[in-house]
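Whatever order the structure lists them in is the order used to number ligands and atoms, beginning at 1. This chain uses plain numbering: 1 for the first residue, then up along the sequence.
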Amino acid sequence: MTEQIMDRLRTSTAQLHVDAEGHRFQNLLGTGRVPQDQYALYLQQLYLMHQKLAQLLSADNIAGLHFADVLKAHHFDLSAITGDLGRFSIDPGKAVALSATAKFLSYLEQLAKTNPVSLLGPLYVLEGSSNGAKFMAVKLKEGLQLNGPGADYFDRYGDKQKEYWLGFKSDMNAHKFDEHEEENIIAAAKATFQVFFDIGSEIDAL
Ligand code: HEM
């Protein structure tokens, strides 16, 4: 039997996950020791990536494309991250992109034009990250002394996280992608892990 797309995605990005997890900045997030200004900057990068993906994969833009059935409304719900930005008095419309993020947003636009199915790679990374982020939310709330919004994004699905993740996995696995499409999805997932690494390094260097 050929390997399923979600197994291919996990194995081919496993080392990048280890690298991202081991990044100093992710460690600061994961232990809740991140300085507030760096955290607010990071939230803006997350918002910009999600917002761009939501726009590029909106119903209008993907109408008629074969993978539309994999996409669900909750994938594009920006309410948690918008609320978190509000806690730091940041207007989402004025979110500032670091250079790694700006480059990545252009890359996503390019994919949307040339090969929209590849955008499932970034979606995989952002959805998959909800697995570990759930624990991060607790540490961030403690470390940054947040009552109410501020780190809701990291546990944005709450009790539904497992259900949504398993649903995404099974929808992706049930879908037929050809070899070329699978390779493009994997390449875009790798680029997404890389941007998380680069954003961490850029914030560390500030
Ligand atoms: C402190 C940093 C991190 C920790 C502790 C962490 C931890 C975890 C854990 C525990 C899982 C679930 C593994 C499983 O149930 O099999 C997971 C999955 C995942 N994480 Fe992370 N993670 C971190 C950072 C990141 C970052 C920065 C990204 C990328 C944005 C990311 C993307 C993913 C993806 C895509 C999966 C799903 C893997 C799969 O099963 O296909 N993680 N992570």
Requested in this report: Show which atoms of ligand 1 fall inside a sub-4.0 Å distance from at least one heavy-atom site of Val125.
Outcome: 29 (C), 30 (C), 35 (C)
Query raised in the report: Judging by distance only, is a nitrogen or oxygen of His17 under 3.5 angstrom from one on ligand 1?
Result: yes
Query raised in the report: Is the number of heavy atoms from other residues, nucleotides or ligands within 6.0 Å of NZ (Lys72) greater than 12?
Result: yes
Query - Asp84 (side chain) donor-acceptor with Pro149 (main chain) under 3.5 angstrom - result: no
Query - Test applied, ring-ring contact (aromatic ring centres under 6.0 Å, His included); reference residue, Tyr39; option that passes from Phe88, Tyr153, Phe25 - result: Phe88
Query raised in the report: Using 30° and 60° as the class limits, which term best fits the ring planes of Tyr124 and Trp165: parallel, tilted or perpendicular?
Result: tilted
Query - Residue, atom name and distance, where the atom is the protein heavy atom closest to atom 19 (C) of ligand 1 - result: Gly128 O, 3.3 Å
Report summary line: Among non-hydrogen protein atoms, atom 4 (C) of ligand 1 lies closest to Glu21 CG, 3.4 Å
Query - Short side-chain to backbone donor-acceptor contact, Lys176 and Asn173, under 3.5 Å - result: no
Query - Part of His23 within contact of ligand 1 (heavy atoms, under 4.0 Å) - result: neither
Report task. Measure the distances from the heavy atoms of Leu9 to every atom of ligand 1 and state whether one is below 4.0 angstrom. Result -> no
Report summary line: heavy-atom search around atom 28 (C) of ligand 1 in the protein gives Phe193 CE2, 3.8 Å
Query raised in the report: Looking only at atom types and distance, does a side-chain atom of Asp152 sit under 3.5 Å from a main-chain N or O of Ala80, one as donor and one as acceptor?
Result: no
Query raised in the report: Non-hydrogen atoms of Lys169 versus ligand 1: any pair closer than 4.0 Å?
Result: no
Query raised in the report: Below 4.0 Å from any atom of ligand 1, is there a heavy atom belonging to Gly30?
Result: no
**Report entry** Test item: side-chain donor near acceptor, Ser79 and Asp77, under 3.5 Å
**Finding:** yes
Requested in this report: Scan the protein's non-hydrogen atoms and note whether one is under 4.0 Å from atom 16 (O) of ligand 1.
Outcome: no
Query - Gln26-ligand 1 polar pair, N/O distance under 3.5 Å - result: no
Report summary line: In this structure, atom 41 (O) of ligand 1 is nearest to the protein heavy atom Tyr124 OH, 2.6 Å
**Report entry** Parallel, tilted or perpendicular: rings of His74 and Tyr164 (30°, 60°)
**Finding:** parallel
Query - Enumerated ligand 1 atoms positioned under 4.0 Å from heavy atoms of Phe196 - result: 30 (C)
Query - For atom 40 (O) of ligand 1, closest protein heavy-atom neighbour - result: Arg10 CD, 3.5 Å
Query raised in the report: If you group Ile, Leu, Val, Met, Phe, Trp and Tyr by side-chain heavy-atom gaps below 4.5 Å, do Tyr157 and Leu53 land in one group?
Result: no
Query raised in the report: Got more than 12 heavy atoms from elsewhere within 6.0 Å of CG, Asp178?
Result: yes
Query raised in the report: Measuring from the heavy atoms of Phe135, does anything fall under 4.0 Å of ligand 1?
Result: no
Report task. Dump the intermediate steps for salt bridge (charged side-chain N to carboxylate O under 4.0 Å, His left out) on Asp7 and Arg10, then the final yes or no. Result -> CA-CA 5 Å; Asp7 288 332; Arg10 193 187 64 252; 3.2 Å; yes
Requested in this report: Distance to 0.1 Å, residue and atom name: give those for the protein heavy atom nearest to atom 13 (C) of ligand 1.
Outcome: Asn131 CB, 5.0 Å
Query raised in the report: Relative to ligand 1, is Trp165 under 4.0 angstrom through side chain, backbone, both or neither, heavy atoms considered?
Result: side chain
**Report entry** Distance filter under 4.0 Å to Met136 heavy atoms, resulting ligand 1 atoms
**Finding:** 1 (C), 2 (C)
Report task. Examine the side chains of Glu181 and His66 and answer whether a donor and an acceptor come within less than 3.5 Å of each other. Result -> yes
Report task. Specify the protein heavy atom at minimum distance from atom 26 (C) of ligand 1: its residue, its atom name, and the distance to 0.1 Å. Result -> Ala20 CB, 4.4 Å
**Report entry** Protein contact of atom 10 (C) of ligand 1 - nearest heavy atom, named by residue and atom, plus distance
**Finding:** Gly132 CA, 4.3 Å
